[in-house]
Amino acid sequence: MSKSCIIYFSRADENYAVGYLKKGNTEVVAEYIRDLTGSKIIKIEPLIPYAKDYHTCIQEAKERQVNHQAPILKEVGDISSYSVIYIGSPVYWGVMPEKMVTALKDLDWTGKIVKPFVTHEGSGLGSIPNQLRSICKNAEIKDGLALQGSMVHSLKSKVENWIEKEK
Ligand SMILES: Cc1cc2nc3c(=O)[nH]c(=O)nc-3n(C[C@H](O)[C@H](O)[C@H](O)COP(=O)(O)O)c2cc1C
């Protein structure tokens, strides 16, 4: 079996119209994938955590996006032993949050199979597949999975179907 890992970002705390979450939506999906595939899981953490309240977080995320300034706590490290890499992200203004770009942009993607998954509230995959095609040079970007964030707890079977289909 090919070795795989999951690189993702997810934010807990207050989210739009659902109150405070203990675990972010994308993290729920990342853990489904880990349980179903046995992949190693790597969570991207911002160097400066976001505010817990939704409205301040939106402002902070916008600033980081516009300025392309989103340092992360710890680099991903060596991915050479993984042939399949699941990349998980919430959709922020149609794309990945800037910290995902920081985490992914300097890795060696040659020959990797990339399987994107996102959670969103209406945008679907947005421009994330295109964004990944430009960041993950010489990787094969497979069809992505887009799930509505507020529904993830009832969508495990969709994750299973996607993993089966993309095998
Ligand atoms: C800063 C910010 C920007 C967002 N922009 C979008 C967007 O453009 N399109 C969309 O469908 N959802 C958008 N959302 C909703 C998130 O994508 C959605 O709630 C997602 O499930 C959050 O994932 P997480 O809990 O793993 O962080 C945004 C949320 C935040 C906090």
Side-chain angles (χ1 to χ4, degrees), residues 4-37 39-76 85-105 114-136 141-163 166:
S4 55
C5 77
I6 304 161
I7 302 173
Y8 76 102
F9 165 72
S10 185
R11 175 183 166 270
D13 303 320
E14 193 188 13
N15 202 342
Y16 180 69
V18 292
Y20 277 79
L21 300 173
K22 283 212 174 96
K23 191 178 277 189
N25 300 325
T26 312
E27 183 152 300
V28 173
V29 182
E31 290 181 356
Y32 289 157
I33 297 172
R34 178 199 59 196
D35 295 348
L36 291 162
T37 63
S39 306
K40 185 185 169 176
I41 198 157
I42 301 170
K43 183 174 184 178
I44 303 305
E45 305 272 7
L47 184 63
I48 307 156
Y50 284 112
K52 290 190 186 301
D53 79 278
Y54 178 73
H55 286 288
T56 315
C57 154
I58 292 274
Q59 286 162 9
E60 292 172 343
K62 190 82 203 173
E63 264 167 42
R64 293 175 198 190
Q65 201 108 337
V66 168
N67 299 326
H68 298 293
Q69 282 294 331
I72 55 177
L73 196 59
K74 190 168 172 278
E75 285 179 12
V76 171
I85 303 185
Y86 294 90
I87 297 181
S89 177
V91 179
Y92 281 10
W93 296 288
V95 291
M96 292 189 293
E98 195 63 22
K99 70 196 71 57
M100 285 298 288
V101 177
T102 307
L104 303 177
K105 70 180 169 41
V114 168
K115 300 186 177 183
F117 62 99
V118 310
T119 69
H120 66 94
E121 284 302 331
S123 296
L125 286 160
S127 306
I128 289 177
N130 279 342
Q131 206 181 2
L132 288 173
R133 270 188 276 278
S134 102
I135 294 171
C136 306
I141 315 291
K142 294 284 198 177
D143 283 346
L145 174 71
L147 299 175
Q148 189 179 345
S150 50
M151 301 293 288
V152 286
H153 292 279
S154 58
L155 295 175
K156 190 171 184 185
S157 61
K158 286 215 164 175
V159 181
E160 274 167 346
N161 292 343
W162 174 67
I163 287 171
E166 288 299 325

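Indexing begins at 1, ligand by ligand and atom by atom, following the structure's order.
Within 6.0 Å of the OH atom in Tyr20, the count of heavy atoms belonging to other residues, nucleotides or ligands exceeds 12. Within a 6.0 Å sphere centred on NZ of Lys43, heavy atoms belonging to other residues, nucleotides or ligands number more than 12.
With a heavy-atom cut-off of 4.0 Å, Asn15 touches ligand 1 through its side chain alone. Of all the heavy atoms of Ser123, the ones lying under 4.0 Å from any atom of ligand 1 are found in both the backbone and the side chain.
With hydrogens and angles ignored, the 3.5 Å screen pairs no side-chain donor or acceptor of Glu98 with any backbone N or O of Ala61. Looking only at distances, no side-chain donor or acceptor of Glu14 sits under 3.5 Å from a matching main-chain atom of Asp53.
Among the atoms of Gly122, some N or O lies under 3.5 angstrom from an N or O of ligand 1.
In this structure, atom 8 (O) of ligand 1 lies nearest to the protein heavy atom Trp93 N, 2.9 Å. The closest protein non-hydrogen atom to atom 27 (O) of ligand 1 is Arg11 N, 2.9 Å. Of all protein heavy atoms, the one closest to atom 30 (C) of ligand 1 is Tyr92 CE1, 3.5 Å.
Closest heavy-atom approach to atom 6 (C) of ligand 1 within the set Ile58, Val29, Val91: this belongs to Val91.
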inquiry  = Between Trp162 and Tyr86, does the ring-ring contact (aromatic ring centres under 6.0 Å, His included) criterion hold? Intermediate values first, please.
reply    = CA-CA 12 Å; Trp162 174 67; Tyr86 294 90; 5.8 Å; yes
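Heavy-atom minimum distance, Ile41 versus Tyr8: CG1-CE2, 3.5 Å.
Short contacts between ligand 1 and Gly24, defined as distances under 4.0 Å to a heavy atom of the residue, involve ligand atoms 25 (O), 26 (O).
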